[in-house]
Amino acid sequence: MRDETVQLALPAAGDATERPISIAIVAMGGQGGGVLTDWIVQLAENHGWVAQSTSVPGVAQRTGATIYYIEAMPPLGGRKPILSLMPTPGDVDVVMAAEFMEAGRSILRGLVTPDRTTLIASNHRTFAIGEKIAPGNGIADNGAVTGAIGIAAKTEIIFDMNALAIANGSVISAAMFGALAGAGVLSFSRDSYLDVIRAGEKGAQASVRAFEAAFDRVQSKSPEVAAPAQSETAKTPSAPAVLDPRLAGLAARLTHELPEVAHAIGRAGLKKVVDFQDVAYGGEYLDILGRLHAADQNSGGAERNFAFTQAAAKYLANAMTYDDVIRVADLKTRSARRARIEGELELSDGQVLQTTEFMHPRMEEVMGMLPAKFARWLGGKPRLLGWLDRRVNKGRRVKTYSLPWFVALYVVGGLRGMRRRSLRHAIETAHRDEWLKAATEAVRTNYQLGVEILQCRRLVKGYSDTHSRGLSKFDKTLAAIKLVAPRDDAADWARRLREAALKDSAGKELDGVIQTIKSFA
Amino acid sequence: MAERSFAREVEDLRLGDGDTFRGEGILAITKALLQSGVAYVGGYQGSPISHLMDVLADAKDVLDDLGVVFQSSANEAAAAAMLSASVMYPLRGAVAWKSTVGTNVASDALANLASGGVTGGTMIIVGEDYGEGSSIMQERTHAFAMKSQIWLLDPRPDHECIVNLIEKGFELSEVSNTPVMLEVRVRACHMHGSFACTDNVRPAHTIKDALNNPKRDVGRIVLPPAAYEHEQEKIRTRLPAAINFVRDNKLNEWMGPKQGKVGIIMQGGMYNNVIRALQYLGLSDAYGNTQIPLYVMNVTYPVIDSEVAEFCLDKDAVLIVEEGQPEYLEQAINTVLRRRDIQARVHGKDVLPMGGDYTAQVLLGGVREFLEKTEPRLLGNRPPAPDATAVLSHPEVEKLKQVVPARPPGLCTGCPERPIFAAMKLVESELGEHHVSADIGCHLFSILPPFNIGATTMGFGLGPASTSAFNVKADKRSIAVMGDGGFWHNGLTSGIGNAVFNKHDGVFVIVDNYYTSATGGQDILSSRAVSKRRNTNNSIVQAVKGIGGQWVRQIDRTYDVGRMRDTLKEALTTKEQGPKVIVASSECMLNKQRRVKPQISKAIKDGVRTVKERFGVDEDVCTGDHACIRLSGCPSLSVKQLDDPLRDDPVAAIDNSCVGCGNCGEVADAAVLCPSFYRADVIHNPTGWDRFRSRVAMTVVGWLQRRRDRRRPALETLA
């Protein structure tokens with residue numbers, strides 16, 4: 001631009017910065033973004049403003065990310081303003097996000113800018129499919145969004161509007177409308193918002209409640225609303241169990257034998273194994289853990305905050321409490337479980353609850369329960385086995401709280417006595433020992449590698465096919481680790497292997513890493 | 001019509017003189033049709049014009065009062081052919097569809113209609129599904145208008161303007177004996193605005209009058225020599241008539257100062273965003289007081305040469321704002337100026353992108369570049385234009401790019417199509433991958449995670465036809481998926497009939513969910529709802545058999561994953577030759593919920609015994625592998641982090657949006673996944689017998705539970 005052009009006395013046509021109020025609502029299809037949009041339009045029109053809203057339904061309405069856009073402005077001497085049909089990055093006054101990652105998306109679209117945008121967002125999460133299908137933990141990091149909001153937003157109003165809405169028997173759109181009113185970015189009175197809601201007949205009262213709660217929350221008259229609690233309901237007065245003196249003994253052993261840092265996790269582990277089998281099993285747990293801790297100390301674990309012992313306390317407990325039929329039957333028949341479900345369903349006295357389990361036992365599971373010797377003998381009789389499998393291997397719809405089924409489950413759940421002699425236990429123990437051996441050997445020469453090997457236990461999970469897939473990934477990974485064990489960066493490779501194995505179920509990523517390793521090892 | 005009611009919107013159609021309509025653009029268009037005295041309306045639903053069809057379908061009384069015939073056509077070709085009623089008779093008629101896809105289907109009838117010409121005004125409302133949020137290929141309807149010589153209206157996104165142009169459009173059609181297209185873009189269709197209504201007009205001439213006094217004129221029929229005559233008519237009489245009408249009625253608008261060294265020529269639809277862009281440059285206020293001359297083409301075909309010439313005559317340069325490609329207007333205008341040797345330079349796609357949405361931001365860039373090239377003085381006092389680049393380039397925000405997950409559309413909670421694809425996944429794991437042709441409809445979401453099934457989609461109802469090449473002996477058979485909507489749209493003949501005739505040894509899955517669900521749940525021939533106005537409940541299976549299908553299997557509960565899987569396996573492996581047709585039927589859950597939710601809550605209120613089903617996951621049984629989610633993708637099946645230090649991975653969890661469709665349990669069973677899932681049946685208003693049974697059972701259960709709890713070591717001592 002040449003300078004002289006700047007000095008030209010050319011009057012701007014009106015105040016060019018005088019633009020309509022622009023509001024973008026980012027939501028997922030079916031979140032009631034349309035209702036919220038209509039409310040805001042009505043609100044503006046009730047004040048004699050010209051309001052225009054647009055949206056793009058179509059496929060986005062089917063649970064995809066979608067955006068509603070509103071512009072509103074008073075007419076001037078009978079002249080209507082010309083309103084835009086799409087938000088312009090850097091020119092949005094209010095962004096309302098009905099979900100936290102969508103708030104992040106709106107920032108990436110450039111809709112949130114520090115010079116003008118008030119961001120009103122609910123920080124609850126509705127996970128995207130990509131986050132849910134990862135065999136491991138694929139959940140996106142909220143921190144990144146929080147960080148970006150701090151940079152991008154002029155004003156931020158962030159809280160769990162979904163929880164608040166549910167707590168008030170309403171839906172998020174009402175809470176967000178309340179948050180908008182509370183934010184005070186629009187020059188309209190609180191009552192004029194309420195008039196809009198009341199004009200709509202269906203669920204008006206609930207909407208008003210949610211609106212007011214959100215309004216007060218923004219004007220910080222009321223504290224944060226916790227998300228609807230599930231776990232709390234699970235805690236129920238179970239019958240007073242015997243205070244087993246041996247348990248106290250175990251507790252004492254734990255605090256005495258393990259370093260401070262491992263106490264909490266060790267206690268959790270101990271609880272889990274005792275709950276899985278019995279007090280004696282807890283003793284076993286501490287014995288093994290003690291040996292591992294010894295190895296840890298000999299490998300200079302003290303300087304490393306006993307990471308090895310901590311990892312061992314965690315993953316040994318998981319390894320010892322493998323998911324067998326007995327455990328499942330036991331969990332399904334517990335009083336706490338029924339109480340949890342009743343809580344989740346908010347069951348009232350007048351109502352009757354029945355649950356149906358979808359069980360598909362295979363002969364493998366039955367064999368697992370049988371005494372190892374007998375099971376192995378049976379394993380040598382393929383025809384007999386096949387005949388049995390045809391009888392066993394079928395889907396069963398189990399009515400948990402019908403007497404016959406409950407008793408059946410109850411009996412199976414009580415077969416702990418047989419567990420130690422069972423084939424499954426033999427297999428799990430052997431597999432466990434091998435794993436711990438590898439870890440203990442590794443930790444001597446390469447401390448971090450030892451820790452990584454322990455953490456590989458995370459790969460073993462699921463039932464039947466899923467379980468065998470997990471197991472094969474675990475074995476593959478350990479085999480691959482052996483290849484790199486001598487290297488200094490073995491631990492990094494071990495971590496890479498484990499993370500790859502958790503990325504996709506087919507194990508393609510894992511095979512990829514293994515190929516790379518084979519290429520140099 | 002679908003279970004959803006449009007009663008409130010129908011009331012808007014009753015508005016008259018002095019009333020103000022407030023609402024969606026597509027409804028304003030619907031009202032404008034009635035104000036124009038249409039005698040008949042037809043069309044085929046699809047975003048963004050679905051609501052036009054939905055509302056008219058619910059507006060029986062209004063239409064009957066006016067003597068207007070409404071039909072939801074079998075497809076767009078049928079709708080276009082319907083317009084032949086205006087060829088011989090002075091009947092005003094309108095049809096609507098999603099474009100360009102609908103126009104593709106309709107083009108044969110349109111070409112014939114446009115060749116013979118019309119007596120009564122005919123209007124084709126095309127919802128131009130272009131740009132962000134579009135669900136189809138990115139093309140322009142403009143080409144169809146030009147090739148068949150159908151006038152193309154592209155009004156400013158403003159209800160007043162759109163309504164006025166529809167009323168004028170019918171006149172234009174009549175004076176020029178030519179069909180007229182009204183092009184409205186997605187956002188304009190869903191735009192909330194207002195306009196001053198006039199009374200609805202009864203058609204002067206009705207369909208009944210026409211039926212009772214038939215007329216014919218072989219000169220209107222496309223057959224030599226008439227066909228050659230038509231072409232000459234188009235050139236000699238119809239085009240000039242149209243040009244005169246458009247000019248005399250000032251359908252195109254001139255805005256801003258009369259004089260100016262530069263000007264902007266635009267499609268009407270671009271006006272709002274152009275004004276916003278000018279405002280950013282300080283060249284207009286929010287009310288459209290522009291400092292740059294604008295020529296707004298509410299009629300984009302034909303181009304009014306004399307108007308273009310007049311606008312450009314005293315200018316150094318003009319910018320043409322024309323969304324999409326190719327740049328037909330830019331080419332036409334260049335021809336106009338060259339022929340008249342007018343020296344104004346023509347800019348357009350050189351400063352604006354060839355394709356994609358012309359948002360205010362895009363136009364800001366284009367107009368600025370145009371002015372910098374031609375008249376930079378105008379930019380003298382430009383105020384700071386909105387700009388988000390600073391924020392977007394900030395490292396914190398950069399980091400966010402890797403974090404925010406894609407959120408592709410997917411099947412709704414409880415969708416009956418989910419178990420079908422879960423079954424296909426299970427078959428895939430047994431028999432390996434197959435070539436799968438997808439179609440148009442909700443089921444197309446199968447191509448996305450978690451299912452990732454489907455190789456191509458060739459258009460509505462053409463899934464089966466697009467496997468027709470794969471009709472050879474091989475180790476594997478081709479699979480085609482088609483919805484009930486596509487089946488009745490054309491798939492019955494183009495797909496199944498074609499496969500039967502050519503002895504195609506493939507598998508054809510017809511997804512029957514009782515509605516054309518993807519377009520908003522409209523009724524079709526096989527819908528189960530009983531409709532007074534239409535003939536529903538026509539069996540797809542019977543149709544398939546009627547057309548010669550031998551191997552036909554009906555699955556009337558798609559949630560039966562095991563059966564679904566076995567049927568698919570049988571179809572893929574059976575020795576039998578010829579097409580294997582599987583009709584998988586269960587009601588669209590979205591529509592079912594709309595239908596039954598009120599009923600259920602009423603029943604519960606009235607004290608009727610009602611069983612409510614919902615699924616759940618035992619979090620201590622679930623190991624957090626998420627295999628179940630990889631076979632489902634149900635929105636209500638999610639994950640949650642437990643506050644258990646021993647757990648690394650989140651476990652599966654079902655939220656209270658679950659509708660208890662049963663898919664989770666079925667999949668867990670069929671895929672032998674895990675015993676974590678349970679179905680909870682809550683009996684509301686239980687009978688005495690219910691109560692008694694549960695009391696007896698729970699007494700024993702409770703006793704047993706307490707017994708075992710007593711024997712458990714008291715873990716509290718470890719805390």
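Here is the naming used below: chain letters follow the sequence lines, and residue numbers restart at 1 for every chain. This structure is a prediction, so every number in the text was calculated from the model and none was measured. When reading the values below, keep in mind they use all heavy atoms of this one structure, side chains included, and skip hydrogens, waters and symmetry mates.
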Any side-chain heavy-atom pair of B:Q361 and A:P89 under 4.5 Å: yes

cation_pi(A:R337, B:Y678) dist<6.0 Å, angle<=45: yes

Ring-face cation contact, A:F358 with B:R679, 6.0 Å cut, 45° max: no

For chain A, the option from B:S694, B:G633, B:A668, B:G624 that forms the most heavy-atom pairs under 4.5 Å: B:G624

A:R109/B:E132 salt bridge by N-O under 4.0 Å criterion: yes

Side chain / backbone / both / neither for A:L108 at chain B, heavy atoms under 4.5 Å: both

Pick from B:H684, B:H394, B:K399 with the largest number of heavy-atom pairs that fall under 4.5 Å of chain A: B:H394

Nearest non-hydrogen partners of B:V672 and A:H360, listed with the distance: CG1-O, 3.7 Å

Under 4.5 Å from any heavy atom of chain B - which part of A:L254: neither

Interface residue of largest heavy-atom contact number with chain A, from B:D357, B:L400, B:V403, under 4.5 Å: B:L400

Contacting region of A:F406 [heavy-atom separation from chain B under 4.5 Å]: side chain

Atom group of A:T113 that falls short of 4.5 Å from chain B, counting heavy atoms: both

Flag, side chain of B:N272 to backbone of A:L83, donor-acceptor distance under 3.5 Å: yes

Short N-O contact, A:E131 and B:R407, less than 4.0 angstrom: no

Interchain contact, B:D655 with chain A, by part (heavy-atom threshold 4.5 Å): neither

Ion pair check, A:R327 and B:D620, cut-off under 4.0 Å: no

A:R79/B:N289 under side chain to side chain donor-acceptor pair (under 3.5 Å): CA gap, chis, key distance, verdict: CA-CA 10 Å; A:R79 291 200 64 182; B:N289 294 316; 2.3 Å; yes

Over 12 foreign heavy atoms within 6.0 Å of NZ, B:K612: no

Side-chain (B:D690) to main-chain (A:V352) donor-acceptor, under 3.5 angstrom: no

Which portion of B:T389 sits near chain A, non-hydrogen atoms under 4.5 angstrom: neither

Smallest separation among heavy atoms of B:A188 and A:L85, with atom names: N-CD2, 3.8 Å

Closest non-hydrogen atom pair, B:R630 against A:S505: NE-CB, 3.3 Å

A:L76, part contacting chain B, at a heavy-atom distance under 4.5 Å: both

Heavy-atom contact with chain B under 4.5 Å, split by part of A:V41: side chain

Toward chain B, the part of A:L347 with a non-hydrogen atom under 4.5 Å: side chain

Residues which pass side-chain contact (heavy atoms from CB on, under 4.5 Å) with A:S402, listed by chain and number, not counting sequence neighbours: A:Q354, A:K399, A:P404, A:W405

Non-neighbouring partners of B:C664 that pass side-chain contact (heavy atoms from CB on, under 4.5 Å), sequence neighbours left out: B:F615, B:L637, B:I654, B:F677

Residue part contacting chain B, namely of A:P75, when any heavy atom lies under 4.5 Å: backbone

Contact origin within B:R695 toward chain A - heavy atom pairs under 4.5 Å: neither

Engaged part of B:A680 at the chain A interface, taking heavy atoms whose separation is under 4.5 Å: both

Expected output: side-chain A:Y410 to main-chain B:L704 donor-acceptor under 3.5 Å: yes

Interface moiety of B:R185 toward chain A, non-hydrogen atoms closer than 4.5 Å: neither

N/O donor-acceptor pair under 3.5 Å between B:E396 side chain and A:I151 backbone: no

Closest non-hydrogen atom pair, A:M359 against B:P675: SD-CB, 4.4 Å

Closest contact, heavy atoms only, A:A152 versus B:V391: CB-CG1, 3.7 Å

Closest heavy-atom pair and its distance - A:Y463, B:V621: OH-O, 2.6 Å

Presence of salt bridge, A:R334 and B:D709, under 4.0 angstrom: no

Region of A:A264 that comes under 4.5 Å of a non-hydrogen atom in chain B: neither

Best-contacting candidate, A:L250, A:D465, A:I107, against chain B by heavy atom pairs under 4.5 angstrom: A:I107

Engaged part of B:S638 at the chain A interface, taking heavy atoms whose separation is under 4.5 Å: both

Under 4.5 Å from a heavy atom of chain A, the part of B:D681 involved: both

SB check B:D648 A:K314 (cutoff 4.0 Å): yes

N-O pairing of B:D669 and A:R396 below 4.0 Å: no

